[in-house]
2 protein chains.
Amino acid sequence: MQNALTIGELSARSGVAPSALRYYERLGLIWSSRTGGNQRRYERAMLRRVAFIRVSAQVGIPLEEIRAALASLGDGRTPTKADWTRLSRAWRSRLDERIALLEKVRDQLDDCIGCGCLSLKSCGLYNRDDELASKGPGPVKLLRRD
Amino acid sequence: MQNALTIGELSARSGVAPSALRYYERLGLIWSSRTGGNQRRYERAMLRRVAFIRVSAQVGIPLEEIRAALASLGDGRTPTKADWTRLSRAWRSRLDERIALLEKVRDQLDDCIGCGCLSLKSCGLYNRDDELASKGPGPVKLLRRD
DNA sequence: CTGCAAGTTGAAGTGAACTTCAACTCAAGG
DNA sequence: CCTTGAGTTGAAGTTCACTTCAACTTGCAG
């Protein structure tokens with residue numbers, strides 16, 4: 001068991017395509033050292049970092065924001081436990097928000113099932129529109145953080 | 001209070017840009033009748049449909065899938081209460097899955113905060129990779145339905 | 001009737017997140 | 001050594017979900 005992973009190994013273990021890993025590297029989300037023959041070698045810790053990136057991206061956070069968050073962990077070095085804890089907590093509140101949003105949508109949908117949604121005023125999903133309209137133009141802001 | 005909305009009115013009340021509404025119409029997600037002068041007029045019921053589309057899209061469901069789901073509601077006509085109930089239930093389980101996923105990620109992140117995540121074996125987020133790797137190659141499947 | 005905001009079209013542009021391609025070079029087993 | 005699968009690059013292509021543009025036409029308030 002060595003501790004340097006090739007891009008293929010990192011890809012296999014993270015489930016992220018090699019092309020995507022190179023892309024992440026170009027964007028500065030991950031990094032590698034190089035062999036004499038110019039091939040990438042990743043520290044095993046990069047696996048954790050890639051997992052974090054994927055999970056965050058799937059939650060809808062843009063790569064640039066993820067990059068910024070990770071960059072706040074001391075530049076280039078493997079994060080310390082304290083760094084990781086801090087970042088995890090921040091991300092957790094992000095997840096909590098997202099979960100709360102989905103639960104709200106779900107509950108509104110439940111109301112809709114009840115009300116039939118064709119008649120009316122009392123439907124949350126229906127009335128939500130006017131609420132949103134009153135908050136100004138542009139795409140619906142459900143996902144936005146200010 | 002008439003019951004036909006111009007594209008501008010539908011836009012204002014749904015919070016979706018007119019260009020996006022035309023785009024949805026091209027994709028067959030919504031439809032309109034036309035005035036003598038070829039301007040779109042939307043039934044008020046379209047407001048509910050647009051709300052449904054937006055909420056679904058924000059939950060990460062691609063427009064084409066939303067279109068397909070809506071198409072299952074009897075073609076072109078305003079859905080009956082039964083149609084709507086059926087669709088809502090299906091969508092609800094979709095939301096439930098998504099919520100469950102996020103909760104799982106959150107809990108794993110909590111474990112990570114605890115374990116420091118640098119030491120290793122015991123971290124859910126970390127070990128998840130190998131789990132994924134064992135399920136074959138390709139991008140992480142967290143969001144996929146088979 | 002006129003003025004002008006609001007609407008129309010098809011085509012092209014945008015940005016995010018990747019993937020694909022061509023044309024190589026590297027590394028490791030037999 | 002040699003073959004072959006894995007890796008390298010920059011540039012271009014792809015998909016999704018829209019937006020922008022240019023060149024018009026409509027509809028309604030005054």
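Note on naming: letters A, B, ... go to the chains in the order of the sequence lines (proteins, then strands), and numbering restarts at 1 for each one.
- A/Thr35 pairs by the side-chain contact (heavy atoms from CB on, under 4.5 Å) definition with A/Gln39, A/Arg41, not counting sequence neighbours.
- With hydrogens and angles ignored, the 3.5 Å screen pairs a side-chain donor or acceptor of B/Ser14 with a backbone N or O of B/Leu10.
- Contact between B/Ser56 and B/Ile66 at its shortest, heavy atoms only, is CB-CD1, 3.5 Å.
- For A/Glu64, the salt bridge (charged side-chain N to carboxylate O under 4.0 Å, His left out) partners at least two apart in sequence or on another chain are A/Arg67.
- With D/dC18, C/dG7, C/dT19 as the candidates, the nucleotide lying closest to the side chain of B/Ile7 is C/dG7.
- Between the side chains of B/Tyr24 and B/Arg49, no donor N or O sits under 3.5 Å from an acceptor N or O.
- Aromatic ring centres of A/Tyr42 and A/Trp31 lie farther apart than the 6.0 Å criterion allows.
- Checking the phosphate oxygens (OP1, OP2) of D/dG7, no side-chain nitrogen or oxygen of A/Arg40 falls inside 4.0 Å.
- Contacts between residues 21-28 of chain A and DNA chain D, defined by a heavy-atom separation under 4.0 Å, are made by A/Arg22.
- Take A/Arg34 and apply the side-chain contact (heavy atoms from CB on, under 4.5 Å) test, not counting sequence neighbours, and it matches A/Glu25, A/Ser32, A/Asn38, A/Arg40.
- Side-chain atoms of A/Arg34 lie closest to D/dT8 of the nucleotides C/dT20, D/dT8, D/dT20.
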Listed pairs, N/O of protein and of nucleotides 26-30 of chain D, under 3.5 Å:
from	atom 1	to	atom 2	distance (Å)
D/dT26	O4'	B/Gln39	NE2	3.4
D/dG27	OP1	B/Thr35	OG1	3.0

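- Among residues two or more places apart in sequence or in another chain, the side-chain contact (heavy atoms from CB on, under 4.5 Å) test is passed with B/Pro62 by B/Glu65.
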